[in-house]
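Notes follow the structure.
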Amino acid sequence: MSDSAKLTRSKLPLSGRIVMFFIRHVQQAMASMGELWRNPVSSVMTMAVLGVSLSLPAALQVLVKNAETITSSWNSAAEISLFIEDNRSEQTIQSLLTRIRTYSEVDKVQYIDRNQALEEFQRLSGFGEALAYLDKNPLPAVITVTPTPRYSTPVGARELLTKLEREPEISFGRLDIEWLERLQAVVRLLERTVMAIAALLVLAVVLVIGNTIRLAIMNRRSEIEVMKLVGATEAFIQRPFLYTGIWYGVIGGILAWLIINLLVWYLDSALAELLGLYGSQLEMKSLTFIELLQLVGLASFLGWLGSYLSVRQHLRSIEPS
């Protein structure tokens, strides 16, 4: 910036200097956007690379979010089966049911007596005629307990099962959620995978933008030398390049969001068909508006960071001869 410009600025009141500060930033931001439009092919290719790079971890995050939704819906369906010891009277069993219903961890309790258990087994197993030849009913009475949502997780359900098995009328209990524990382990693995891939792609985005800004600096080397000759400050020279990196990030983030929505639309019907086989009616969730803002904000920061590192390294090496 020249001495006359500095003198003119010093004569302005504080409010005028603040207004001029924002006007100058807006002008340079718009000028950097104009530079992108003047080189459409290279700009679009760079933005596409950024969009695809950012869409990969975002897609995995969407996958993890939908997996967590599915597992949470299946958690609520977890049940504990309690098998009652033989030769327990009906009065004793009713007393047991009353005690179990008072548990704060229990949501629902259903009692299936021995005759009901035999009828259900005959209906489902296909051995109805063979079971008719038995001298006595070999099946025990069963109590099915549905935990509250807080105790529907594998850890909480196991704690409740241990507590229920202490009742003297209970022979043993069964909790068939090993499959749910394996599914949650897969979800945790996906979360760590998302973090690792995101870290690698963040580095890739910074490097791509840094190299793009380096080429832009080299193409404008003569212009930068002239600006330094007339007294322009480092901040004034580097500001357009920083805004260029921010624009790359903003548009790359929006492209990533569009890619994610297309993937969700493409996979939604296939997922609905798969979940329909398990009695679920869930739909795939895409990125929310808040997550979109977070994605664009992250992309903008990465664009600024890549530009800043490149500008700080290469502008200092350019000096007017």
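Count residues from 1 along the sequence.
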Exercise. Are a donor atom and an acceptor atom from the side chains of S95 and R99 found within less than 3.5 Å of each other?
Worked result: yes
Problem set entry | Whether S53 side chain and V49 backbone form a donor-acceptor pair below 3.5 Å | yes
Exercise. What is the distance from atom CD of E167 to atom CG of L82, rounded to the nearest 0.5 Å?
Worked result: 9.0 Å
Side chains of residues 204-212: which donor-acceptor partners sit under 3.5 Å, not counting sequence neighbours?
from, atom 1, to, atom 2, distance (Å)
N211, OD1, R214, NE, 3.4
N211, OD1, R214, NH2, 3.1
T212, OG1, V208, O, 2.9

Exercise. Between R221 and E225, is there a salt bridge with N-O shorter than 4.0 Å?
Worked result: yes
Exercise. Are the side chains of Y111 and L96 in touch, meaning some heavy atoms are under 4.5 Å apart?
Worked result: no
Exercise. M195, L201: one ILVMFWY side-chain cluster at the under-4.5 Å cut-off?
Worked result: no
For this session: May I ask you to test the L50-M47 pair for a side-chain heavy-atom distance under 4.5 Å?
Result: no
Problem set entry | Spacing of E159 atom CD and L175 atom CG [to the nearest 0.5 Å] | 11.5 Å
Problem set entry | Value rounded to 0.5 Å, distance of CD in Q238 from OH in Y243 | 11.5 Å
Problem set entry | For the student: nearest non-hydrogen atoms of G173 and E165, plus distance | N-OE2, 3.0 Å
For this session: Using the rule that two of Ile, Leu, Val, Met, Phe, Trp, Tyr join whenever any of their side-chain heavy atoms come within less than 4.5 Å, decide whether L160 and L97 are in one cluster.
Result: yes
For this session: Tell me, yes or no, whether the heavy-atom count around Y308 atom OH, taken from other residues, nucleotides or ligands under 6.0 Å, exceeds 12.
Result: no
Exercise. Is there side-chain contact between V145 and Y103, with heavy atoms separated by less than 4.5 Å?
Worked result: no
Exercise. Quick one: side-chain contact (heavy atoms from CB on, under 4.5 Å) partners of R150, sequence neighbours excluded?
Worked result: T148
Seminar exercise, completed: Distance col, row T98:OG1 vs R101:CZ, nearest 0.5 angstrom, shows 6.5 Å
Exercise. With side chains defined as the heavy atoms from C-beta onward, is the minimum distance between I170 and L164 less than 4.5 Å?
Worked result: no
Seminar exercise, completed: Interatomic distance, OG@S81 vs CG@L161, rounded to 0.5 Å, equals 9.5 Å
Exercise. Is the number of heavy atoms from other residues, nucleotides or ligands under 6.0 Å of E90 CD greater than 12?
Worked result: yes
Exercise. Checking side chain to side chain contact (heavy atoms under 4.5 Å, CB included) against I260, which of L54, L255, L56, V62 comes through?
Worked result: V62
Side-chain donor-acceptor contacts of residues 292-305 below 3.5 Å, not counting sequence neighbours, with atom names and distances?
from, atom 1, to, atom 2, distance (Å)
S300, OG, V296, O, 2.7

Problem set entry | Shortest non-hydrogen separation from G245 to S307 and the atoms involved | CA-OG, 2.9 Å
For this session: With rounding to the nearest 0.5 Å, note down the distance linking CD1 in I80 to CZ in R158.
Result: 10.0 Å
Exercise. Hey, quick one: are V41 and I251 part of the same hydrophobic cluster, counting side-chain heavy atoms closer than 4.5 Å, chains of contacts allowed?
Worked result: no
Problem set entry | Atom of I93, atom of R88 and distance for their closest heavy-atom approach | CD1-O, 4.0 Å
For this session: Tell me whether I213 is reachable from M218 by hopping between hydrophobic residues (I, L, V, M, F, W, Y) whose side-chain heavy atoms are closer than 4.5 Å.
Result: yes
